[in-house]
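This report refers to the structure that appears directly beneath it.
Residue numbers begin at 1 in each chain, while the letters A, B, ... track the order of the sequences.
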Amino acid sequence: MIDLKVVRENPEAARRSQEVRGEDPSLIDALIAADDARRLALIEFETLRAEQNQLSKSVGSAKGDERNALLESAKELATKVKAADAVRAELEEKTNALQLQISNLIDPDAPVGGEADFVVLEEIGTPRDFTKDGFEPKDHVEIGKILKAIDTERGAKVSGSRFYYLTGPGALLEFALINFAISSAVKAGFIPVIPPVLVKPAAMEGTGFLGQAAENVFHLEEDDFYLVGTSEVPLAAYHRDEVLEELPVRYAGYSSCFRREAGTYGKDTRGIIRVHQFDKVEMFIYCKPEDAKAEHQRLLQWEKDFLNAMEIPYRVIDVASGDLGSSANRKFDCEAWIPTQGTYREVTSTSNCTEFQSRRLNIRYKAEDGTKPLATLNGTLVAIPRMIVAILENHQNEDGSVNVPAALRPFLGVDTLVPA
RNA sequence: GGUGGCGUGUCUGAGCGGCCUAAAGAGCACGCCUCGAAAGCGUGUGUGGGGGAAACUUCACCGUGGGUUCAAAUCCCACCGCCACCGCCA
C-alpha cells in the first residue's frame, strides 16, 4: 500500500509511476479526491460524536423530567451520528479500495518500458562453445531421461502438463542444492525457515499477490486457503501486526511453490522451466527504509555468489518499469545461459518492496521518532527446476553425463552424474 | 469433528451497561537519595486518524466483524485464535 501522505504531497511523481508501469494515472486523482471527501466526512462525524459523548454523559447523572428531555434530544442526535458514521465508513472504504489498487511507486532509476526494455547490467562467464567441444548439446529433458533424473511423461500422466517427477540423481541434486543454499544462507546470517504453504487471504493480499497476479495463484475454494507461489508470502506475513526492535532481520525460507501459470499456454511447454510446483529457497529481509537499497544490492550479490558457485554463465538485468510486480519499486533478475535455447533465462530475481508490504501487513519498527513502517525485500537464492536445467545443460558431456560443480560435490557425494 | 474454558495496554491482571478519563502490580524512562549500585520515594509511560503554525484539541481502538442502547470492554449474534479433555489420525 502506498503512503497517502506521499501521494498528497507529490501527486505528480505518483502519476508518473503509474504511467511507466502502464497503469492508470487517473487513479491517483481519484484517490486524492476520495481522500478529501473522506476527511470532510470524518470531521462531520467526529463533531457530532463528541456532542453525543457529552450528552450521553449528562443523561447518566440526570433525573426525572430533565432526564427524559435529555433522552429525547440524545435519541435524535444518535440517528444523526449513525448517518454521519455511515457516510464516513463508505468514503473510507472507497479511499481504501483505491489505495489498494495502486502499485508501489517505481524507483526513478529503474528503466522505463515493458518486458523487452530491461537493461543488461553485467554478463558474467562465457557461454560454452559446444562446436569446439565437438558435440551438439542435448536439452535438459533428454539429459534428464538419460540420467533417469527427470520424468515429465509420468508427471503429465499423474498430474497433467507442467508436472514432473525428480527421480534418483534428480532428487539427490535437489537435496544437494537445498543443503548448499541453506548452509550458505546460514553462514551469511540468515535464519532458516520452513513456512506454511497454505495461507489465508490476508497474507496473500498483504503481500500484493491478489491484484493482477491473482490469476496465477491456486485457491482452495472450500477452505479459502491460497497455495503460495513463493515463501515470500508466509515470510512477509510472519511479522504481521508486529513492531520489530532489531533490524535488519534476514530469513531464508525453504518451501514448495505453486503457480497456475495461467495465460502461458504454449510457452515453455517442454521440460521443467515453467511448472506448477517446485521447491525454492527464498531470501527475505526486513530492514529500515533507508537501508533498503543497500540490502537490495546485498541480495543481488548473494544470488550472484550462488550462480558463480554453480559455475554457470549468466547476466544480470535491471527489469523495466512495466514488468515489475505490484509490490516492487525495483527488480533485478539473474538469467542463466541455456545452451539449447541459445539465450539467457531467468533463474533468480530480487525485488525491493520498500514500505509497500509492511504498510499493508502493519509491520513496523521502533525508530527514534516513533514506530514506522519498515522496508521488505526478497530474492531467490535457488529455484530448483531452473537451476537443475542450467546445471544439466551447461555441464553436460557428450555421453549425457554431467559434471557436478565443485561447490555441490560435498553435498552430492559424486563428481559426475552418469547415465544409469 | 465433539464438549468446556479463555482472548483487556510492553507483560501479569481487575472490571461484566453510565464515577472506565481502563484499577492494581511488574517492566521501562527520568529525577531524588548514594562514592556507585540495590532498595526506597516521586514523576512519566500505548497505537492510529482528523483539525491546528504551535500550545493543544478531537475521534477511534479491550481478538475480528456485525447488532441492541441515549450510552458497550461490559449485553446479543457470527467468525478467528488459544488452552484443556474426548474422538480420529501421519
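Although no hydrogens or angles enter the test, the distance criterion places a donor-acceptor pair under 3.5 Å between the side chain of A:S321 and the main chain of A:V20.
In this entry the distance linking CG of A:D36 with P of B:G50 reads 12 Å, nearest Å. Atoms CG (A:N362) and C1' (B:U64) sit 14 Å apart, rounded to a whole Å. Straight-line distance from the CD atom of A:E92 to the P atom of B:C61: 12 Å, rounded to whole Å. With rounding to whole Å, A:L40 atom CG is found 11 Å from B:G50 atom C1'. Atoms NZ (A:K82) and P (B:C70) sit 8 Å apart, rounded to a whole Å. Here the C1' atom of nucleotide B:G18 and the CD atom of A:Q54 are 15 Å apart, to the nearest Å. Spacing between atom CG of A:L361 and atom P of B:G48 amounts to 17 Å, rounded to whole angstrom units. Per the geometry, NZ belonging to A:K75 stands 12 Å off C1' belonging to B:A71, to the nearest Å.
Heavy atoms of other residues, nucleotides or ligands lying less than 6.0 angstrom from NZ of A:K138 number more than 12.
Distance noted for atom C1' between B:C79 and B:C70: 29 Å (whole Å). B:C80 and B:U21: their P atoms are spaced 33 Å apart (whole Å). A gap of 14 Å separates the C1' atoms of B:C6 and B:C62, to the nearest Å. Separation of the P atoms belonging to B:A73 and B:G67 is 15 Å when rounded to the nearest angstrom. Atom C1' of B:U74 sits at a distance of 11 Å from the matching atom of B:U8, rounded to the whole Å. B:C33 and B:A39 have their C1' atoms separated by 11 Å, given to the nearest Å. Distance noted for atom C1' between B:G27 and B:G9: 13 Å (whole Å). Straight-line distance between the P atoms of B:A26 and B:G42: roughly 11 Å, to the nearest whole Å.
Residue-level contact check: A:R88 touches neither bases nor backbone, having no heavy atom under 4.0 Å from any strand. Note on A:Q52: only backbone sugar-phosphate atoms sit closer than 4.0 angstrom, heavy atoms only; bases stay farther off.
With a cut-off of 3.5 Å on both Watson-Crick or G-U wobble distances, the partner of B:C82 is given as B:G5. With both pairing distances under 3.5 Å, B:A72 is matched to nothing as a Watson-Crick or G-U wobble pair. Using Watson-Crick or G-U wobble geometry with both donor-acceptor distances under 3.5 Å, B:C19 finds no partner in any strand shown. Using N1 to N3 plus N6-O4 or O6-N4 for Watson-Crick, or N1-O2 and O6-N3 for G-U wobble, each under 3.5 Å, B:A14 pairs with nothing. Applying the Watson-Crick and G-U wobble criteria (two distances, each under 3.5 Å), B:U45 pairs with B:G27.
Counted by atom type alone, A:K280 and A:T380 present zero donor-acceptor pairs between their side chains at under 3.5 Å. Between the side chains of A:Q301 and A:D305, a donor-acceptor pair is found at a separation under 3.5 Å.
The side chain of A:A50 lies closest to B:C59, out of B:G51, B:C59, B:C70. Here the nucleotide nearest the side chain of A:R49, chosen from B:C80, B:C70, B:A72, is B:A72. Nearest nucleotide to the A:R39 side chain, out of B:G50, B:U68, B:C59: B:G50.
A cation-pi geometry, defined here as NZ or CZ lying under 6.0 Å from the six-membered ring centre and within 45° of its normal, holds between A:R88 and A:F45.
Nucleotides of RNA chain B nearest to A:R8 and A:R364 differ in position, and the one nearer the 5' end is that of A:R364. The residue among A:K5 and A:T47 whose nearest nucleotide of RNA chain B is located toward the 5' end is A:K5.
Counting heavy atoms from C-beta outward, A:N394 and A:W337 have side chains that approach closer than 4.5 Å.
A:F306 and A:F180 have tilted rings, their planes meeting at an angle from 30° to 60° on a 0 to 90° scale.
Proximity of A:N53 to the phosphate of B:A60: a side-chain N or O atom is located under 4.0 Å from OP1 or OP2.
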